[in-house]
Enquirer: 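Quick one: this structure, given as structure tokens, is what I'll be asking you about.
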There are 2 protein chains.
Amino acid sequence: MKAKQQKDAVDLILDQWERERPDLDVTPMGTLGRLKRSAALLQRRLDVVFAEFGMTLWEFDVLATLRRSGAPYCLAPTELFSTLMITSGTMTHRLKSLESSGLVERQANPDDARSKLVKLTDKGLDLINRTVEAHVDNIHGILAPLAGSDLQALDQGLVAMLGMLESADEK
Amino acid sequence: MKAKQQKDAVDLILDQWERERPDLDVTPMGTLGRLKRSAALLQRRLDVVFAEFGMTLWEFDVLATLRRSGAPYCLAPTELFSTLMITSGTMTHRLKSLESSGLVERQANPDDARSKLVKLTDKGLDLINRTVEAHVDNIHGILAPLAGSDLQALDQGLVAMLGMLESADEK
DNA sequence: TGTAAATACCTTGATATCAAGATAAATTAT
DNA sequence: ATAATTTATCTTGATATCAAGGTATTTACA
């Protein structure tokens, strides 16, 4: 039996539940708690770099989605908000903001008059190209302290988890 | 080389970056993307059960923190908002709301007049006791489809990840 | 060809959250 | 004992988000 080097915040939570409600098997809380807490701490680390480019995470998300779709960097709003897991109303606000910053522009959709396509401006393209490079550097640095075997285990587990959640979601 | 059964949403994103920016090693985006996306999909699954008890996730979080602290289920606001990773201002709003729902009550702190302690009411205690049981059932069910080895890998990876993030955070 | 149904947004109103600043009490250093 | 500093909240103002509902188009099909 290998002793854990140091208890993390979630270990303490599980200890408390174990003491208070020994009738419950709270093991899954450990998995989900660490997942959520890791996601929160990670976001803070990512925000630091985005801020250096005058951006927030949500702005990065939208611009990056357009960028990686390839030239001409142009998508319909529905494509964007379904990829980003946000509502259409939220997308409307984001696009208005990005448009007023001059990072995207709207143009008529020749195939469907209900939508106005969203396109990266030259300024938006340049910004996201530079930001994504710094972002990739950042996340390499963040994951660097992890042992290779831990990272490998994490990837294996997350692939299974996301696969499960997405297949449950489409039902 | 084992072929992946089915591509998830993050695989598609990585494919796009690979095509558009082959100069970047975007592997870490896969890990972080799945982590974030899993967290988002999980929250939806958890919300379903909380809603059955007339609660939201944030209400559950506060009440559960008080409950697992043990009798007399009473903590200072600072203890709560640091555990919950939210700001003091947000905590103020949450407590006001929970107090008006009759789930917590405030009382003077004999040791420190700057804070007013937060305590579960009988109603709050009963509600959280019942909700946490349903929640634990829920998360057991959610993780059930995962193969034991995948779950084990996930736990190993998340312990390493959170440990790394927390140690980086305290610096 | 017309209609009914579905789709693609956008608008509105309500929440939840945060950052920054204000206030009051406790602690620390003279 | 005082003054300076730190701590524990709460307040305020700005954002981001969602759910629900409205409008204009498109698609399905009788």
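Here is how names work: the chains are called A, B, and so on, in the same order as the sequence lines, proteins then strands, and each is numbered from 1.
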Enquirer: In whole Å, what is the span from the CD1 atom of A:I86 to the P atom of D:dA19?
Expert: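 Rounded to the whole Å, the gap is 12 Å.
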
Enquirer: Determine, step by step, whether A:N129 and A:R67 satisfy the side chain to side chain donor-acceptor pair (under 3.5 Å) criterion, reporting the C-alpha distance in whole Å, the side-chain angles of both residues, the deciding distance to 0.1 Å, and the verdict.
Expert: CA-CA 8 Å; A:N129 272 333; A:R67 173 63 187 85; 2.7 Å; yes

Enquirer: Roughly, in whole Å, what's the span from CG in A:D112 to C1' in C:dC9?
Expert: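 After rounding, the gap between these two atoms is 10 Å.
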
Enquirer: Measure CG/A:L57 against C1'/D:dT15 and give the value in whole Å, please.
Expert: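 Taking CG of A:L57 and C1' of D:dT15, I get 14 Å after rounding.
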
Enquirer: Check whether any side-chain nitrogen or oxygen of B:K116 sits under 4.0 Å from OP1 or OP2 of D:dC10, and answer yes or no.
Expert: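 For D:dC10, neither OP1 nor OP2 has a side-chain N or O of B:K116 closer than 4.0 Å.
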
Enquirer: Given atom CZ of A:R44 and atom P of C:dT17, what is their separation to the nearest angstrom?
Expert: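 Taking CZ of A:R44 and P of C:dT17, I get 14 Å after rounding.
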
Enquirer: Please confirm whether any donor atom in the side chain of B:R114 sits under 3.5 Å from an acceptor in the base of D:dT9, or the reverse.
Expert: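 Under the 3.5 Å cut-off, the side chain and the base do not form any donor-acceptor pair.
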
Enquirer: Of the options C:dT12, C:dT17, D:dT25, whose atoms approach the side-chain atoms of A:H93 most closely?
Expert: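 Nearest to the side-chain atoms of A:H93, counting from C-beta on, is C:dT12.
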
Enquirer: Could you tell me how far apart A:L75 (CG) and C:dC9 (C1') are, to the nearest whole angstrom?
Expert: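 Spelled out: CG on A:L75 to C1' on C:dC9 is 15 Å.
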
Enquirer: Using side-chain hydrogen bond (donor to acceptor under 3.5 Å, both in side chains) as the criterion, list what pairs up with B:E99, not counting sequence neighbours.
Expert: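 For B:E99, no residue satisfies side-chain hydrogen bond (donor to acceptor under 3.5 Å, both in side chains) once neighbours in sequence are set aside.
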
Enquirer: NA contact type, B:T90, heavy-atom cut-off 4.0 Å: base, sugar-phosphate, or nothing?
Expert: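 Contact class for B:T90: base.
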
Enquirer: Considering only residues two or more places apart or on different chains, which pairs with a residue in residues 49-64 of chain B satisfy salt bridge (charged side-chain N to carboxylate O under 4.0 Å, His left out)?
Expert: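 Counting only pairs at least two positions apart or across chains, the salt bridge (charged side-chain N to carboxylate O under 4.0 Å, His left out) contacts touching residues 49-64 of chain B are A:K36-B:D61.
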
Enquirer: Distance check needed: D:dT17 P versus A:M85 CE, whole Å only.
Expert: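 Rounded to the whole Å, the gap is 13 Å.
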
Enquirer: Measure CG/A:L80 against P/C:dA8 and give the value in whole Å, please.
Expert: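 Rounded to whole Å, this separation is 13 Å.
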
Enquirer: In whole angstrom, what separates A:D111's CG from C:dT7's C1'?
Expert: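 In whole Å, C:dT7 C1' and A:D111 CG are 15 Å from each other.
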
Enquirer: In terms of side-chain geometry, is the basic nitrogen of A:K7 or A:D15 positioned less than 4.0 Å from the acidic oxygen of its partner?
Expert: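 So A:K7 pairs with A:D15 through a salt bridge.
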
Enquirer: Given B:S100 and B:S97, is the side chain to side chain donor-acceptor pair (under 3.5 Å) satisfied, shown in steps?
Expert: CA-CA 5 Å; B:S100 74; B:S97 169; 4.9 Å; no

Enquirer: Think B:S88 has a side-chain N or O under 4.0 angstrom from the OP1 or OP2 of D:dT9?
Expert: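 For B:S88, the contact criterion (side-chain N or O under 4.0 Å from OP1 or OP2 of D:dT9) is not met.
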
Enquirer: Does C:dC9 have OP1 or OP2 under 4.0 Å away from a side-chain N or O of A:R106?
Expert: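 Negative; the distance criterion is not met.
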
Enquirer: Using heavy atoms to find the nearest nucleotide of DNA chain D for A:T87 and A:A113 separately, return the residue whose nucleotide is more 5′.
Expert: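 Result: A:T87.
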
Enquirer: Measure from the side chain of B:T78, starting at C-beta and using heavy atoms only, and say which of D:dT17, D:dT26, D:dT9 lies closest.
Expert: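 Between D:dT17, D:dT26, D:dT9, the one nearest the side chain of B:T78 would be D:dT9.
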
Enquirer: Of all the nucleotides listed (D:dT17, D:dA8, C:dC10), which has the minimum atom distance to the side chain of B:S115?
Expert: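 Shortest atom-to-atom distance from the side chain points to D:dA8.
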
Enquirer: Students often get this wrong, so: under 4.0 angstrom with heavy atoms, is B:T92 touching a base, only sugar-phosphate, or nothing?
Expert: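 It contacts base atoms.
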
